[in-house]
Amino acid sequence: MIPFDFEYYKPASMMEAVDTFRLLNTQGKAPLYFNGGTEIITMARRSHIFTEAVIDIKGIPECNTLYIQNEKLVIGASVALTQLEESNIFPLLGRASRKVADHTVRNKLTVGGNICGRITFREAVLPFLLSDSKVVLAEQTGIRNVPINQVFNKTLNLEEGEFLVQLVTDVGYSQFPFMSIKKTKQEKSAYPLISIDSLKKDGQIRFAFSGVCPFPFRSSNIEQVLNDKTIPLELRINKALSILPAPINNNIEASAEYREFVLKNTLSDIILMLGGRN
């Protein structure tokens, strides 16, 4: 049970949602946008968040899109991970979605909720980072389209009152060779020790990581090192690990040393499978 009462709103349009947020915010009600709700409900039950009002965006048509138009794949923020997995409209995203939690949770967990959540892993964002996707954001002045790699830095950096509406990806990225690997300590549905999505485009392998550091990331510097075939594979991997954006996670799930061991082996497997070795 959630230990506090709150008002519930379900706007029918993007601008109604933004206006509702602005009004509630001026009233000091600390409103939250609500999508799949799995994380908000869990954190509220544990008294990790508090709000006097939630704004459910699932009734907004643009948030429920899943189609290809003009060579663009358009995915609404309210689309459930199970739907992405079953549609196979973007195979790498489907594979990445399948790695998140279990099937029951994925039925409710939305792609937007996963990307915008506070949880460390947010594995659904990795394919979008790799495919140079754009995000469609609703704000008080209207709609803006921004490359995800410009606004995602450790988390999706949104302005107050702004919310994620859609993710737009060139359909060509669904045709490139890819790998999506999640390493866990025990059960497949557990949080990852490490999770790596990779995609090969124009002879270069791209890498996006979750579980390695306290946030998901893609690094062009790491990619440059790992794709440098003038350097032996083992040295490439060691050099890449020396420029990680933060120390490797060290917690009750696994030590940093063990994660590093798993990370090295997994990177080696990906590079060999996708043809990145001399």
Side-chain angles (χ1 to χ4, degrees), residues 2 6 8 17 21 30-51 53-58 60 63-64 75-85 93-130 133 135-139 146 148-167 180 182 184 189-197 208-218 245-246 249 251 253:
I2 295 176
F6 57 86
Y8 173 83
F21 185 99
L32 293 175
Y33 287 117
F34 181 96
N35 208 337
T38 53
E39 183 173 313
I40 288 178
I41 292 170
T42 300
M43 295 184 73
R45 285 172 175 168
R46 297 175 179 175
S47 299
H48 291 166
I49 61 171
F50 174 80
T51 181
V54 297
I55 303 169
D56 188 343
I57 66 171
K58 294 193 300 297
I60 300 172
C63 292
N64 292 282
I75 300 173
S78 295
V79 174
L81 295 187
T82 301
Q83 190 176 353
L84 294 174
E85 176 187 344
L93 179 58
R95 187 72 58 82
S97 298
R98 192 183 308 161
K99 297 184 302 183
V100 180
D102 59 32
H103 189 270
T104 301
V105 173
R106 292 197 301 273
N107 284 335
K108 294 185 177 181
L109 185 59
T110 63
V111 63
N114 185 260
I115 291 172
C116 297
R118 302 185 187 185
I119 196 168
T120 299
F121 305 101
R122 285 163 283 155
E123 294 164 87
V125 76
L126 303 185
F128 296 108
L129 296 176
L130 292 175
S133 299
V135 292
V136 179
L137 306 173
E139 56 180 357
V146 191
I148 192 169
N149 286 303
Q150 289 185 14
V151 291
F152 192 94
N153 181 14
K154 301 181 181 180
T155 187
L156 189 62
N157 295 293
L158 301 174
E159 301 294 333
E160 186 176 67
E162 192 173 46
F163 69 92
L164 176 64
V165 179
Q166 295 172 333
L167 299 112
S180 183
K182 174 182 178 179
T184 60
S189 61
Y191 290 136
L193 297 180
I194 66 164
S195 186
I196 306 176
D197 283 3
F209 304 83
S210 174
V212 176
C213 298
F215 47 82
F217 67 93
R218 176 190 172 193
N249 284 333
N251 52 36
E253 294 294 329

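Quick caveat: nothing in here was measured; it's all calculated off a predicted structure. The chain is numbered in sequence order, starting from 1.
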Point to revise | Pairwise side-chain contact, Pro216 with Leu126, heavy-atom cut-off 4.5 Å (strictly under) | key: yes
Practice item. For the residue pair Leu164 and Val111, establish whether any side-chain heavy-atom pair is separated by less than 4.5 Å. Key: no
Check your understanding: How many angstroms lie between CZ in Phe21 and CG in Leu32, if you round to the nearest 0.5 Å?
Key -> 7.5 Å
Exercise for review: Could you walk me through whether Ile115 and Val135 pass the side-chain contact (heavy atoms from CB on, under 4.5 Å) test, one step at a time?
Suggested key: CA-CA 11 Å; Ile115 291 172; Val135 292; over 6 Å; no
Check your understanding: Out of curiosity, Glu85 CD to Leu93 CG, how far, rounded to the nearest 0.5 Å?
Key -> 10.0 Å
Check your understanding: In Å and rounded to the nearest 0.5 Å, what is the CG to CG distance from Leu109 to Leu81?
Key -> 4.5 Å
Review point. If you measure from NZ on Lys182 to CD1 on Ile196, what distance do you get to the nearest 0.5 Å?
Key: 13.5 Å
Review point. Is the closest side-chain heavy-atom distance between Asn114 and Val125 below 4.5 Å?
Key: no
**Study point:** Minimum side-chain heavy-atom gap Ile148-Val146 below 4.5 Å
**Key:** no
Practice item. For residues Ser195 and Lys99, determine if any side-chain heavy atom of one lies less than 4.5 Å from a side-chain heavy atom of the other. Key: yes
Revision key, fill the gap. Here the pair of heavy atoms bringing Arg122 nearest to Thr120 is NH2-O, 3.4 Å
Check your understanding: If we only count heavy atoms from C-beta on, is the Pro245 to Phe215 side-chain gap below 4.5 Å?
Key -> yes
Check your understanding: Do you know which two heavy atoms are closest between Ala246 and Cys213, and how far apart they sit?
Key -> O-SG, 3.2 Å
Exercise for review: Using atom types as modelled and distance alone, determine if a side-chain donor or acceptor of Ser78 lies under 3.5 Å from a backbone N or O of Asn64.
Suggested key: no
Exercise for review: Determine the interplanar angle of the Phe34 and Tyr8 rings, folded into 0 to 90°, and report it as parallel if under 30°, tilted if 30 to 60°, perpendicular if over 60°.
Suggested key: perpendicular
Practice item. Say whether, by atom type as modelled, one donor and one acceptor occur between the side chain of Asp197 and the main chain of Ser180 under 3.5 angstrom. Key: no
Check your understanding: Can any side-chain N or O of Asn35 pair as donor or acceptor with the backbone N or O of Ala77 at less than 3.5 Å?
Key -> yes
**Study point:** Over all atoms of both residues, closest heavy-atom pair of Ala96 and Glu123
**Key:** CB-O, 4.4 Å
Revision key, fill the gap. Note: Ile57 and Tyr33 closest approach over all heavy atoms is CG2-CD2, 3.8 Å
Review point. Between the main-chain N or O of Gly211 and the side-chain N or O of Asn249, is there a donor-acceptor pair closer than 3.5 Å?
Key: yes
Point to revise | From CD1 (Ile75) to CZ (Phe128), nearest 0.5 Å | key: 4.0 Å
Study note, to complete from the structure: Heavy atoms of Ile60 and Ala17 approach each other most closely as CD1-CB, 3.9 Å
Review point. Of the non-hydrogen atoms in Thr51 and Pro31, which two are nearest, and what is the gap between them?
Key: OG1-CA, 3.6 Å
